[in-house]
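These notes are about the structure you will find just below.
Basis for what follows: all heavy atoms, side chains included, without hydrogens, waters or symmetry-related copies.
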Amino acid sequence: MATHVAAAQGSLQPAYEASVISPRRRVIASGGSVLDVSAVRPVDVLIVPGFELSPTLDLDATLANLGPEVASIRSQAASGTAVVSICGRLPGR
């Protein structure tokens, strides 16, 4: 989307380069899709996705298992990176 906006404004270079970064070598998204990831590196804006919550989820255990991700997010924020979060929910779910 950002590339289309940049092109419409006459920019020859894309306004953003999007990539999935992670401290882990393999990331499995909701639904079981495996994502290609790059190693964590400095970025201008870090967009952190949400994760699926269910009534039976042990949130403390889930967050404890995300220690490398939490540390990476904190490090990016401490270095001045803009950190935002997004999540979505399908209607009726």
Would you mind reporting whether Gln76 and Val40 have side-chain heavy atoms less than 4.5 Å apart?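 With C-beta onward as the side chain, the pair touches.
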May I ask whether Ile73 and Val43 are part of the same hydrophobic cluster, defined by side-chain heavy atoms of I, L, V, M, F, W, Y residues being less than 4.5 angstrom apart, directly or through others?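 Hydrophobic grouping puts Ile73 with Val43.
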To the nearest 0.5 Å, what is the distance between CD1 (Ile21) and CD (Glu69)?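 Going from CD1 on Ile21 over to CD on Glu69, the span is 11.0 Å.
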Check this for me: Asp44, atom CG, are more than 12 non-hydrogen atoms of other residues, nucleotides or ligands nearer than 6.0 Å? no
Please determine whether the number of non-hydrogen atoms from other residues, nucleotides or ligands lying under 6.0 Å from atom CZ of Arg74 exceeds 12. no
Excluding sequence neighbours, so at least two apart, what forms side-chain hydrogen bond (donor to acceptor under 3.5 Å, both in side chains) with Arg41?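 For Arg41, the residues satisfying side-chain hydrogen bond (donor to acceptor under 3.5 Å, both in side chains) (neighbours in sequence not counted) are Ser19.
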For Leu35, what are the other residues in its hydrophobic cluster, where any two members join if their side-chain heavy atoms are less than 4.5 angstrom apart? Val20, Val27, Val37
What residue pairs, at least two apart or across chains, pass salt bridge (charged side-chain N to carboxylate O under 4.0 Å, His left out) with a residue in residues 59-68?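 For residues 59-68: none.
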Between Ser75 (side chain only) and Ala71 (backbone N and O only), is there a donor and an acceptor less than 3.5 Å apart?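 A pair under 3.5 Å: no.
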